[in-house]
Amino acid sequence: MHPLEIGGMGSSLDDLFKRVLSAKIFVNRDLLRPDYIPEDLPHRETQIKRLGAILAPALIGSRPSNIFIYGVPGTGKTAVTQYVLKKLDTEGKNNGASLKIAFINCKHDNTDYRVLADVCEQVGERVPFTGLAVSEVYKRFVKLADDSKSSIFVVLDEVDSLVKKAGDEVLYKLTGVNKQLSRARVSIIGITNDLKFTEYLDPRVRSRLGEEELVFPPYNASELEDILRKRSVASFYKGVLGAEVIKLCSALAAKEHGDARRALDLLRVAGELAERNGELKVTEDHVRRAQKEVEKDRVVEVVKTMPLHSRLLILSLHLLEKQSGNGGTTGEVYEVYTGVSKNFSVEALTQRRISDLINELDMLGIANARVVSKGRYGRTKLVRLSISDRNLRDALQEDSRMTSYIGK
DNA sequence: CGTCCACAGGAATGACGGGCGG
DNA sequence: CCGCCCGTCATTCCTGTGGACG
């Protein structure tokens with residue numbers, strides 16, 4: 001490709017398209033996306049073998065043990081599970097063993113009903129997304145399962161968020177379902193980021209679900225480098241990546257608890273930045289900018305889809321922070337929030353509700369909330385925003401009243 | 001060493017929009 | 001169409017509690 005003349009701003013759309021078209025950066029960027037499962041998962045060989053060994057009995061018609069999989073985000077839990085199940089499935093097809101796999105993301109399906117409905121759907125029967133009694137959906141699942149005469153795997157990804165929201169009732173039911181089945185078998189694979197999560201579980205559920213346990217340690221920087229190097233071969237054109245780009249991505253992600261997803265995101269976004277500017281090489285500078293971009297995208301995406309009161313709450317937190325320097329207690333936050341609500345002429349929610357919304361923000365990583373005891377002066381929660389002003393502005397952008405608030 | 005603050009966070013309940021089977 | 005049950009968001013009422021003050 002011929003080099004391009006890059007105008008200082010080059011704001012016209014035509015220019016942008018032209019630059020993207022002629023910048024030969026990506027062969028296939030989808031290989032860097034977090035949901036892509038590669039054929040080769042470096043540094044997870046032992047986990048793959050263990051999981052394979054545990055699940056293999058399905059091939060000869062016995063029920064594999066239920067499994068608990070632990071590990072912080074981005075350690076390959078989901079990828080390895082899907083990889084092994086896929087292999088098992090093709091192996092089963094070749095040998096006449098009937099396998100069915102239901103993969104549930106509990107972050108999305110975080111109620112009894114939705115989990116069961118989704119399992120039914122993936123095993124083969126459509127269920128309305130609301131309207132039926134939970135017990136009815138469960139009955140349908142039992143019948144469906146037994147009629148299928150298969151080994152059924154139910155993967156509950158991020159199962160901790162299900163239990164925190166809806167309790168362990170579903171898990172109790174699902175892990176006990178085999179008693180009601182004569183011709184089929186169900187194995188549960190629970191995946192969790194939260195290492196202390198089993199404490200929330202009923203002991204009976206814990207022992208049933210934890211028949212086997214598998215731990216995924218975080219990747220270190222050099223392991224991340226291996227992963228990126230392997231993926232980059234097929235996703236980038238040769239010679240596009242600067243010498244230290246992969247090293248830098250790995251080092252940055254290693255600092256963030258060895259999150260491979262983060263490392264891949266950095267690499268992909270760095271490439272996209274280069275592409276957008278019509279440059280022919282991805283440099284370390286792109287990676288550094290990608291780091292800001294990745295964080296911004298996350299925040300903006302989450303905040304934009306939030307309901308009004310959550311956004312008002314974020315705004316209140318921001319105002320409080322500007323005024324006092326370091327966040328405030330639930331009571332102080334609530335006071336500011338009621339004021340803001342009045343200014344927006346909407347009715348304020350109760351403190352109880354706001355307390356829940358604060359916890360939600362904390363879970364999403366937008367705020368930091370931790371309970372502190374101030375002794376004689378009560379027990380409260382200290383809340384701080386954990387996003388930058390700049391990202392906040394972008395996130396609240398579509399509402400001019402909010403941005404003008406931030407301005408002053 | 002007990003008290004008592006300022007909330008945390010659980011439970012019950014209700015309004016709402018929606019699907020179901022009859 | 002009805003009566004029923006669903007999930008979600010929100011309110012109301014409530015009990016529980018770490019630790020500085022006295």
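Just so you know, these numbers use all the heavy atoms, side chains as well, and skip hydrogens, waters and symmetry mates. We name chains A, B, ... by the order of the sequence lines, and we start the count at 1 in each one. These numbers were taken from a predicted model, which means no experiment stands behind them.
- A salt bridge is defined here as a Lys NZ or Arg NE, NH1 or NH2 lying under 4.0 Å from an Asp or Glu carboxylate O, and A:Arg183 with A:Asp147 meets this definition.
- Annotation: cation-pi pair A:Arg268/A:Phe26 absent, no NZ/CZ under 6.0 Å from the ring centroid and within 45° of its normal.
- Heavy atoms of A:Asp356 sit nowhere under 4.0 angstrom from any nucleic acid atom.
- Checking the phosphate oxygens (OP1, OP2) of B:dC7, no side-chain nitrogen or oxygen of A:Lys374 falls inside 4.0 Å.
- Under the side-chain contact (heavy atoms from CB on, under 4.5 Å) criterion, A:Glu212 pairs with A:Arg50, A:Ile54, A:Ser65, A:Ile67, sequence neighbours left out.
- Within the 4.0 Å cut-off from OP1 or OP2 of B:dA8, at least one side-chain nitrogen or oxygen of A:Ser355 is found.
- No side-chain heavy atom of A:Glu158 sits less than 4.5 Å from a side-chain heavy atom of A:Thr192.
- Side-chain N/O atoms of A:Arg353 include one lying less than 4.0 angstrom from OP1 or OP2 on C:dA10.
- Out of B:dG9, C:dC6, B:dC7, the shortest distance to the side chain of A:Gln351 is found at B:dC7.
- In this structure, A:Leu382 places its CG atom 12 Å from C1' of B:dC7, rounding to the nearest Å.
- When the side-chain nitrogen and oxygen atoms of A:Thr329 are compared with OP1 and OP2 of B:dA6, none of them lie within a distance under 4.0 Å.
- At a threshold of 4.0 Å, the pair A:Arg262-A:Asp265 does not count as salt-bridged, since none of the basic side-chain nitrogens sits closer than that to a carboxylate oxygen.
- Comment: A:Glu45 does not engage A:Lys49 in a salt bridge, judged by the lack of any side-chain N to carboxylate O separation of less than 4.0 angstrom.
- Whole-Å rounding puts the A:Leu357 CG to C:dA10 P distance at 7 Å.
- Atoms CG (A:Leu116) and C1' (C:dG7) sit 14 Å apart, rounded to a whole Å.
- When the P atom of C:dT12 is taken as reference, atom CD1 of A:Ile354 falls 13 Å away, rounded to whole Å.
- The nearest whole Å value for the distance from the CD atom in A:Glu332 to the P atom in B:dA6 is 11 Å.
- Rounded to an integer number of Å, the gap from A:Leu312 CG to C:dC9 C1' is 16 Å.
- Look at A:Arg33 and A:Asp30 and you find a salt bridge, because one of the NZ, NE, NH1 or NH2 atoms lies within 4.0 Å of a carboxylate O, short of that distance.
- Spacing between atom CZ of A:Arg376 and atom C1' of B:dC7 amounts to 14 Å, rounded to whole angstrom units.
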Can you tabulate the close N/O pairs, meaning under 3.5 Å, that link protein atoms to atoms of nucleotides 13-16 of chain C?
none

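- In this structure, A:Tyr138 places its OH atom 20 Å from C1' of C:dC5, rounding to the nearest Å.
- Listed nucleotides B:dC5, C:dA10, B:dG9 differ in distance to A:Leu349; the shortest reach to its side chain belongs to C:dA10.
- Using modelled atom types, one finds no donor on one side chain facing an acceptor on the other under 3.5 Å when comparing A:Ser373 with A:Arg379.
- In this model, the phosphate group of C:dA10 is not approached by any side-chain N or O of A:Thr350 to a distance below 4.0 Å at OP1 or OP2.
- Between A:Thr330 and B:dA8 there is a side-chain polar atom (N or O) within less than 4.0 angstrom of OP1 or OP2.
- Between B:dC5, C:dA10, C:dC6, one nucleotide has an atom nearer to the side chain of A:Tyr113 than all others, and that is C:dC6.
- Distances from the side chain of A:Thr380 to the nucleotides C:dG18, B:dA6, B:dC5 place B:dA6 closest.
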